[in-house]
Amino acid sequence: MPDAVTTEHLTKTFTSRGGDVEAVRGVDLAVREGEIFGFLGPNGAGKSTTVRMLTTLTSITSGRATVAGVDVAADPDGARHKIGVALQEAGLDPRQTGREILQLQARLFGASRAEAVTRAEELLELVDLTDAAERMTKTYSGGMKRRLDLASALVHQPEVLFLDEPTTGLDPASRLVVWDEVRRINAAGTTVFLTTQYLEEADALCERLAIIDGGRVVSEGTPQALKDELKARRSLTEEPTLDDVFLDVTGRRRERTAGEVREVQA
Amino acid sequence: MTNAVAVLGERALREARRTPDAMVPTLLIPLFFLVVNVGQAAKIFPTDSTEFLQGQGYAAFQLPSSLLLAASFGTSALYLVEEIEGGYFDKLRATPVHRSSLVLGRLVAVAVQSVLMTTVLVGVSLLFDVRIASGVFGFLLLVVLAAMWAVGYAGFLQFVALKTRSAAATNSAGLVFFPLLFLTPNFVPRELLSRPMEIAATLNPVTYVVEAMRSLVLVDLDWPVIGIGFAVAGAFVVAMVALNVRTMSHYD
């Protein structure tokens with residue numbers, strides 16, 4: 001099966017007054033067509049920067065990336081036609097209705113006015129927002145915004161969908177709704193590249209995943225393979241969780257300080 | 001690219017229509033200045049003994065300054081920076097449209113808004129016995145000139161918004177042009193200003209836009225004056241649009 005996303009030594013360095021910051025340091029990835037691929041890491045690990053490079057929103061310092069066979073640096077417009085993007089913040093125009101946002105998005109992807117109307121209707125039904133279609137998005141709940149954001153990433157039926165922390169800030173019920181949407185989108189043939197900090201989310205959704213820390217991929221495989229590897233290597237008697245894998249490969253541990261659980265470098 | 005500019009322009013107009021509270025001060029403040037300035041200085045400059053009024057009242061002399069003030073609104077840049085901060089701008093950047101469409105759409109909407117506001121202000125000024133001496137064609141030129149200024153000014157603020165990505169910085173940048181607006185021959189023609197003010201006004205490009213507008217209101221079609229005004233406004237638009245396009249093509 002061909003790869004939907006590939007990166008070869010992908011690197012991003014931000015230059016600031018305080019000096020250069022290497023946010024992503026030579027990431028190599030291969031995401032297979034049709035899979036849900038999870039990209040995990042702690043805050044500041046380089047997840048979002050990697051997604052922004054893959055979605056043409058941030059320039060690549062060095063290395064190469066392709067999406068659906070298109071080099072994102074050499075042909076960004078070609079790549080944009082192939083991808084859908086829902087970023088960490090559900091970026092929506094608060095002064096437009098849900099329907100207007102979807103129609104606008106469709107027209108920017110080249111649909112005629114009539115085609116945009118039809119597509120918006122289909123997507124509103126898909127994410128169960130038909131009843132709220134005429135309301136300004138500023139009146140939407142967090143979960144509704146997420147669903148609309150997902151729908152707007154699908155207007156042009158992308159081959160690869162990038163979801164950057166799609167459930168951050170959502171209540172458990174809304175999170176389950178988004179998971180269902182992601183599964184439904186993937187079942188329709190779209191490759192999903194998903195970043196998350198929630199390990200149970202990765203466990204529930206992803207067929208394969210990579211863990212990034214400090215800008216480098218520190219582990220990669222199926223959730224079960226990663227757990228099996230840890231169990232064998234540490235000679236554990238109980239089945240480890242994905243959280244155990246995460247703490248092991250990132251060299252972190254959790255400790256309780258003044259009633260709060262903090263993640264610290266071991 | 002044209003289609004994307006039109007689609008995004010349409011959206012920006014819808015946005016403006018839905019936020020009248022943002023546009024009302026843009027109309028009321030220039031009207032306020034028109035009323036106050038005329039109230040303060042009309043008796044000093046009576047129509048029959050003030051040659052530069054060309055037989056009209058002082059309101060006709062003041063109208064161009066109010067039109068320029070009305071055309072200097074920065075709401076499009078503030079919406080842009082809000083979009084950048086809220087993440088929607090990235091959503092638009094992920095679409096396969098020409099990068100410059102994302103800023104030009106807003107500028108098209110600014111031009112349309114300016115046409116409407118200039119028309120309303122000129123309409124209100126008729127109540128002050130103002131007559132457009134250059135006739136209907138002159139009125140159209142006045143509307144186009146104000147729209148060009150509005151696009152240039154909004155372009156400047158959008159450039160600041162794209163560069164700083166900060167609402168506070170964009171808001172503050174709006175103040176940069178106010179000294180320039182008031183360093184024009186605001187109350188009397190340039191030749192009646194004190195020598196230092198005359199030099200300052202001569203060096204200030206905004207002066208030539210005000211003088212072109214004033215010529216259209218008070219005199220007939222005085223092409224040399226009108227031509228300089230359009231040239232200055234045109235250069236302003238070209239420079240600001242070029243800065244917007246360049247900034248967008250390097251936006252990371």
Side-chain angles (χ1 to χ4, degrees), chain A residues 12 14-15 48-49 51-61 67 70 72 75-97 100-101 103-113 116 136-138 145 148-149 152-153 155-156 158 161-162 164, chain B residues 1-23 75-106 108-109 113 162-165 167 246-252:
Chain A
K12 180 66 190 181
F14 290 107
T15 305
S48 294
T49 306
V51 166
R52 290 181 69 83
M53 284 191 281
L54 291 172
T55 54
T56 77
L57 295 172
T58 295
S59 62
I60 294 169
T61 305
V67 179
V70 180
V72 297
D75 183 10
D77 266 353
R80 287 175 194 128
H81 276 289
K82 306 267 187 184
I83 61 173
V85 186
L87 295 171
Q88 213 173 97
E89 301 283 329
L92 298 171
D93 182 343
R95 280 174 287 270
Q96 309 289 317
T97 66
E100 284 165 351
I101 282 183
Q103 287 180 3
L104 175 80
Q105 197 75 6
R107 294 203 67 195
L108 294 178
F109 274 96
S112 69
R113 198 179 283 268
M136 304 285 165
T137 61
K138 64 184 170 191
K145 283 181 182 170
L148 183 66
D149 197 23
S152 75
V155 286
H156 54 301
L161 177 64
F162 288 91
D164 191 10
Chain B
M1 178 175 151
T2 321
N3 182 49
V5 171
V7 168
L8 290 165
E10 195 182 318
R11 175 190 72 118
L13 282 172
R14 200 161 51 226
E15 178 180 75
R17 208 174 57 234
R18 285 178 182 162
T19 48
D21 44 334
M23 290 310 294
T75 42
S76 75
L78 290 174
Y79 289 143
L80 174 64
V81 84
E82 189 183 303
E83 218 162 76
I84 292 170
E85 288 176 343
Y88 189 59
F89 193 59
D90 279 337
K91 191 98 190 160
L92 296 176
R93 287 205 306 130
T95 61
V97 298
H98 198 279
R99 305 294 83 190
S100 52
S101 308
L102 303 177
V103 281
L104 294 181
R106 288 201 168 276
V108 167
Q113 285 170 265
L162 290 168
K163 273 297 205 197
T164 65
R165 304 176 195 188
R246 189 174 183 280
T247 309
M248 267 315 293
S249 60
H250 293 96
Y251 192 97
D252 209 359

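Residue numbers begin at 1 in each chain, while the letters A, B, ... track the order of the sequences.
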Asker: Tell me, side chain or backbone of A:Ala153 under 4.5 Å from chain B's heavy atoms, or both, or neither?
Answerer: both
Asker: Measure across B:Asp90 and A:Arg52 and return the closest heavy-atom pair with its distance rounded to 0.1 Å.
Answerer: OD2-NH1, 2.9 Å
Asker: Give the member of B:Glu15, B:Glu82, B:Arg18 that has the highest number of heavy-atom pairs under 4.5 Å with chain A.
Answerer: B:Arg18
Asker: Considering only NZ, NE, NH1 and NH2 on the basic side and carboxylate oxygens on the acidic side, decide whether B:Arg11 and A:Asp93 come within less than 4.0 Å.
Answerer: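 So B:Arg11 pairs with A:Asp93 through a salt bridge.
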Asker: Just give me the residue among A:Val85, A:Ile83, A:Thr56 that pairs up with chain B most often, heavy atom to heavy atom, under 4.5 Å.
Answerer: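 So the answer, after comparing A:Val85, A:Ile83, A:Thr56, is A:Val85.
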Asker: Show the nearest heavy-atom pair for residues A:Gln105 and B:Thr95, with the distance to one decimal.
Answerer: NE2-CG2, 3.5 Å
Asker: Can you tell which part of A:Pro76 gets under 4.5 Å to a heavy atom of chain B, answering side chain, backbone, both or neither?
Answerer: neither
Asker: What is the distance from atom CG of A:Leu87 to atom OH of B:Tyr88, rounded to the nearest 0.5 Å?
Answerer: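 Interatomic distance, A:Leu87 CG to B:Tyr88 OH, rounded to 0.5 Å: 12.5 Å.
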Asker: Kindly compute the distance separating CG (B:Leu8) from CG (A:Leu104), expressed to the nearest 0.5 Å.
Answerer: 6.0 Å
Asker: Let's test your reading of the structure: which of A:His81, A:His156, A:Glu100, A:Arg113 forms the most heavy-atom pairs below 4.5 Å with chain B?
Answerer: A:Glu100
Asker: Where is the tightest heavy-atom contact between A:Ser152 and B:Lys91, given as atom of each residue plus distance?
Answerer: OG-CE, 2.8 Å
Asker: Which pair of non-hydrogen atoms, one from B:Asp252 and one from A:Lys12, has the smallest distance, and what is that distance?
Answerer: OD2-NZ, 3.3 Å
Asker: Pick from B:Gly87, B:Ala94, B:Pro96: which one has the most heavy-atom pairs with chain A under 4.5 Å?
Answerer: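 Max contact count across the listed options: B:Pro96.
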Asker: So which of A:Arg107, A:Gln96, A:Met136 has the largest heavy-atom pair count under 4.5 angstrom toward chain B?
Answerer: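 Highest number of heavy-atom pairs under 4.5 Å: A:Gln96.
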Asker: Counting heavy-atom pairs under 4.5 Å with chain B, which one of A:Thr55, A:Val155, A:Thr58 comes out on top?
Answerer: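 Most pairs with chain B among the choices: A:Thr58.
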Asker: Under a 4.5 Å heavy-atom cut-off, does chain A meet the side chain of B:Arg17, its backbone, both or neither?
Answerer: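 Neither part, no heavy atoms under 4.5 Å.
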Asker: Sort A:Lys82 into side chain, backbone, both or neither according to what part of it lies under 4.5 angstrom from a heavy atom of chain B.
Answerer: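 Interface part for A:Lys82: neither.
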